[in-house]
Amino acid sequence: MEKNYNHIAIENRFIKTLNTPPTHDDKKPKYYCLDMFPYPSAGGLHVGHWRGYVFSDVISRYKMLLGYRVLHPMGFDAFGLPTENYALQNNIHPAVATKEAIENYKRQLKDIGAVYNWDNELSTTDPKYYKWTQWIFLKMFEEGLAYEKEMPLNWCTTCKIVKANEEVADGVCDRCGTVASKKMLRQWMLKITKYADRLLNDLDQLDWPQKVKKMQSDWIGKSFGVSVKFDIKEHNDAIEVFTTRPDTLFGATFMVLAPEHPMVSRLLTPEQNTVVQEYIQTAGTKSAIDRMADKEKTGVFTGSYCINPLSGEPMPIWVADYVLIDYGTGAVMGVPAHDQRDYEFAQKFDILITKVIEGNEEEPNQAYTGSGIMINSGQFNGQNSTDAVTNITNYLEERGFGEKQINYKLRDWVFSRQRYWGEPIPLIHCQKCGIVGVPENQLPVLLPETESYRPTETGESPLAAIPEFVNTTCPKCNAPAKRETNTMPQWAGSSWYFLRYPDCHNNDELASKEALKNLPVDMYVGGVEHAVLHLLYARFYTKFLQDIDIVEFGEPFKKLFNQGMIVKDGAKMSKSKGNVVNPDDIIAKYGRDTLRMYSLFMGPPELDVEWDDASIEGVYRYLNRLYRLIEENRGKEDIESPELTFLRHKMVKEITYRIDNFSFNTVISGFMEYTNKITAAAKVEGGLNRDLLNTMVIIIAPFAPFIASELWEGLGNDGSVFEAAWPSYDEEKTKETTITIALQINGKLRGTLTIDANEPKEQIISRAKDELKIDGATKKEIYVPQKIVNIVV
RNA sequence: GCCCGAGUGGCGGAAUAGGCAGACGCACAGGACUUAAAAUCCUGCGAGGUUACACUCGUAUCGGUUCAAGUCCGAUCUCGGGCACCA
């Protein structure tokens with residue numbers, strides 16, 4: 001007999017069929033299983049990337065066997081920086097680089113034996129696709145969700161280009177190492193903040209990892225507080241601040257404005273003018289790196305004062321960069337006694353510190369931020385500070401000094417990029433009519449083919465240098481006009497692609513109502529790195545499309561699964577680290593089934609796992625044992641025995657339960673365990689029956705589709721194993737007739753006892769006492785059915 | 001700094017609802033088969049202890065609840081992740 005099963009021959013024979021999805025039967029219930037689509041980078045896939053794709057493939061195949069009409073599509077998120085940078089470095093046009101990379105990815109994805117609906121393939125760079133990316137933007141523009149704003153952008157003075165946030169990690173340009181500075185430029189924004197509450201509240205209905213929901217809600221950052229007005233001395237004006245701690249208001253001894261705050265210039269006294277102007281100047285050009293938390297506070301006094309509305313005391317107005325212009329009102333009341341940052345500031349600049357809450361666990365040289373008893377707070381003295389929050393809020397509202405307010409950390413989305421490789425924003429600037437949307441029937445606005453796609457030194461998009469693109473006529477008045485030259489961010493195309501798959505060739509609408517019945521996505525599989533941005537943007541798009549009646553649901557992804565990474569030598573696999581495991585080598589040596597099974601067996605699917613060259617051997621040995629077991633028993637006639645029946649039903653129950661709980665590593669160990677038991681039973685019974693063998697082959701098919709296909713055929717079955725039905729089990733038959741239970745004295749294990757499944761409690765306890773040689777009085781006798789007897793003496 | 005999550009043999013890990021800790025696999029050791037090796041099969045494999053049992057200890061540390069704790073509660077330590085001057 002052959003040493004090992006011939007995985008190469010088997011895989012070559014079945015790979016084509018296994019890559020092809022079964023024909024749809026529309027009467028079946030739908031199941032939409034989606035992978036986060038990849039950026040097709042030039043490096044291709046390594047075994048680390050495969051892990052997520054194996055999960056989704058296993059789920060898809062399992063659901064097929066359960067009788068679902070499974071949609072499992074794949075596409076490519078091909079616009080964006082990685083491709084553009086690769087193209088720039090290698091002097092190849094991004095369109096060409098993209099095409100090559102996609103071909104390579106498709107080949108590799110087919111190579112795992114994954115079943116995808118390739119007829120539904122899409123790419124975000126396809127004009128037929130981005131026509132609709134632009135269309136959604138137009139709708140947002142029409143609804144007033146898209147607007148223009150001057151925004152500071154990361155600017156590298158050496159490269160003289162605008163840098164995306166992800167290109168200035170740690171505050172320096174990733175290309176040349178120069179500390180990035182800020183440059184003010186006109187940007188397109190999307191009003192995602194309008195959806196903040198819905199994005200927050202609807203998290204409740206999602207079957208997502210708690211961690212991801214938490215990250216999203218932290219990102220949205222809703223906080224309840226009061227907006228308070230402080231009258232400015234000698235000005236007929238007031239400063240408004242947002243605070244979540246109105247109970248500390250009597251302790252507010254100074255006011256701080258962000259350097260960008262519009263009121264600053266009006267508040268400057270002549271003697272303070274120069275120093276403040278200088279401070280604002282430096283703060284403005286400061287990079288993110290200098291604004292880090294552990295740095296000492298800086299700031300300057302404006303010369304003006306405002307009045308504390310409760311204490312009536314004057315408060316000096318300062319300017320400091322620890323106050324952010326884009327949160328709250330851009331102004332903060334300084335309460336040094338009860339806020340650590342204000343405390344540090346007051347210490348440094350010698351500002352009055354007034355304590356207004358008496359706490360239990362105060363530490364020296366620290367602000368006390370807890371709750372306690374109110375002091376120095378006029379009529380509120382003696383109250384608990386948590387009550388004072390409400391009471392002072394009401395007091396302020398009654399006198400018109402302030403009102404309740406809700407604030408969010410979530411900011412509007414900077415939506416434009418000064419890059420070539422993205423969707424052109426479909427707007428036209430007309431002298432007379434202002435900004436006009438490109439009419440729907442003129443979509444898509446094609447990205448012009450050009451050789452000059454490098455980032456420019458003006459901070460403008462490369463498209464601005466292409467007159468044929470820029471110059472157009474106004475759709476409203478026909479006068480000469482100019483096109484918007486900024487492009488969309490990479491996120492644009494990925495914010496709605498899941499809607500397009502079921503109907504990706506539709507040229508008249510984003511997707512038909514009928515096709516959209518495949519939505520929402522039942523299972524979304526991908527890396528946790530998209531926990532915030534991509535998922536938040538996709539949810540925002542979906543809610544918007546719900547509002548304009550394109551879709552009927554508000555949440556796109558019912559269930560989310562984040563797979564862990566495969567690491568090698570403690571680090572994420574990457575070419576630069578030289579720790580990449582090439583799937584081709586593994587396939588040649590062990591085959592695709594082994595690689596698939598091993599990538600699941602390695603550890604819990606949601607955690608990072610370490611690749612081990614030695615351990616994969618064990619999975620390969622297992623598949624060989626399984627192959628031999630079935631080959632050796634396939635000629636046998638029906639052999640029935642209670643033991644075989646029990647094993648069959650128990651195995652199906654266990655494996656099904658574990659799959660449904662996403663515990664794939666224990667699914668694989670379960671296969672091994674039951675194969676061992678069945679092998680032993682086969683020796684005792686003299687063989688195995690057909691039903692048991694077929695059952696084994698079907699339940700392993702989603703995990704090891706190649707060997708399963710071969711064995712299915714070998715067992716004399718017609719058609720593909722994936723046309724079979726997932727086996728059911730009979731609960732009664734999963735129960736053992738005799739059970740070994742543990743015997744304890746005082747909670748310590750002292751022996752075991754084999755009992756009959758329906759033996760009465762009294763008999764079991766008395767047999768247990770005999771076994772343990774206890775005949776005197778006992779304090780307590782505990783019997784947990786089918787598990788344990790514990791005698792306390 | 002704040003907020004999450006996790007700590008189990010030589011290693012990856014298992015333990016569904018508080019009930020025999022270490023399933024399954026790797027590595028290792030011994031044996032069978034073989035002229036020999038590879039492959040395969042069998043046996044052992046937490047620590048101490050014993051000729052062998054018995055017994056004792058053991059799930060990061062300390063304490064608690066319970067007949068019974070890897071699992072629940074409180075404190076501490078370590079590691080991983082997220083946010084980071086958000087008023």
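In the text below, chain A, chain B and the rest are named by the order of the sequence lines, each starting its count at 1.
The aromatic rings of A:Trp318 and A:Phe301 lie tilted to each other, with the angle between the two planes from 30° to 60°. Classification of the A:Phe345-A:Tyr322 ring pair by plane angle, with boundaries at 30° and 60°, yields tilted. Ring geometry for A:His534 versus A:His530: interplanar angle over 60°, hence perpendicular rather than tilted (30 to 60°).
Taking atom P in both B:C41 and B:A27, one finds a spacing of 13 Å when rounded to whole Å. Here the separation of B:A84 from B:U78, taken at their P atoms, is 25 Å to the nearest Å. Distance noted for atom C1' between B:U66 and B:U76: 23 Å (whole Å). Between the C1' atoms of B:G70 and B:G9, the separation comes to 14 Å (whole Å). Nucleotides B:A36 and B:U43 place their C1' atoms 23 Å apart, quoted to the nearest Å. Look at the C1' atom in both B:C45 and B:A23: the space between them is 15 Å, to the nearest Å. Distance noted for atom C1' between B:G46 and B:A38: 32 Å (whole Å). Atom name P, nucleotides B:A21 and B:G31: the rounded distance is 33 Å, in whole Å.
Spacing between atom NZ of A:Lys572 and atom P of B:G81 amounts to 12 Å, rounded to whole angstrom units. Distance, A:Leu607 CG to B:U8 P: 12 Å, rounded to whole Å. One atom, CG of A:Leu743, and another, C1' of B:C67, lie 14 Å apart when rounded to the nearest Å. Look at CG on A:Leu257: it is 18 Å from P on B:A87, rounded to the nearest Å. Here the P atom of nucleotide B:A87 and the CE atom of A:Met255 are 16 Å apart, to the nearest Å. Summarising the geometry, the separation between CD on A:Glu610 and P on B:G12 is reported as 9 Å, rounded to the nearest angstrom. Computed from coordinates, the A:Phe664 CZ to B:G13 C1' distance equals 17 Å when rounded to whole Å.
One finds no salt bridge joining A:Asp204 and A:Lys213 here, because no Lys/Arg side-chain nitrogen approaches an Asp/Glu carboxylate oxygen to under 4.0 Å. Under the 4.0 Å criterion applied to side-chain N and carboxylate O atoms, A:Asp585 and A:Lys589 are not assigned as salt-bridge partners.
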What N/O pairs connect the protein and nucleotides 2-6 of chain B at under 3.5 Å? Give each pair on its own line.
from: B:C3; atom 1: O2'; to: A:Lys214; atom 2: NZ; distance (Å): 2.5

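Side-chain contact check for A:Thr754 versus A:Ile739: every heavy-atom pair is 4.5 Å or farther apart.
The residue A:Lys748 sits close only to the backbone: its heavy atoms come under 4.0 Å of sugar-phosphate atoms, none of a base. The residue A:Arg411 sits close to a base: some heavy atom pair falls under 4.0 Å.
Look at B:U50: it lacks any Watson-Crick or wobble partner with both distances under 3.5 angstrom. Judged by Watson-Crick or G-U wobble contacts below 3.5 Å, the nucleotide B:C45 has no partner. Of the nucleotides present, none pairs with B:U66 by Watson-Crick or G-U wobble criteria with both distances under 3.5 Å. Pairing for B:C2 goes to B:G82, judged as Watson-Crick or G-U wobble with the two contacts each under 3.5 Å.
No hydrogens or angles were tested; on distance alone, a donor-acceptor pair under 3.5 Å links the side chain of A:Lys297 to the base of B:C85.
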Exercise. Between A:Leu560 and A:Asp207, does a side chain to side chain contact (heavy atoms under 4.5 Å, CB included) hold up when you go through it step by step?
Worked result: CA-CA 7 Å; A:Leu560 173 71; A:Asp207 182 8; over 6 Å; no
Exercise. Given A:Phe230 and A:Met255, is the side chain to side chain contact (heavy atoms under 4.5 Å, CB included) satisfied, shown in steps?
Worked result: CA-CA 9 Å; A:Phe230 290 75; A:Met255 173 65 66; 3.5 Å; yes
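Residue A:Tyr327 places at least one side-chain N or O closer than 4.0 Å to OP1 or OP2 of B:A87.
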For this session: Encode nucleotides 15-29 of chain B as B, S and - characters from 5' to 3', where the letter depends on protein heavy atoms closer than 4.0 Å: B to the base, S only to sugar-phosphate, - to neither.
Result: -B--BB--BBSSS--
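With sequence neighbours left out, A:Lys733 forms a side chain to side chain donor-acceptor pair (under 3.5 Å) with no residue at all.
Partner of A:Leu249 under the side-chain contact (heavy atoms from CB on, under 4.5 Å) criterion, out of A:Leu396, A:Val335, A:Val226: A:Leu396 alone.
For A:Phe703 and A:Phe671, the ring centers are positioned less than 6.0 Å apart.
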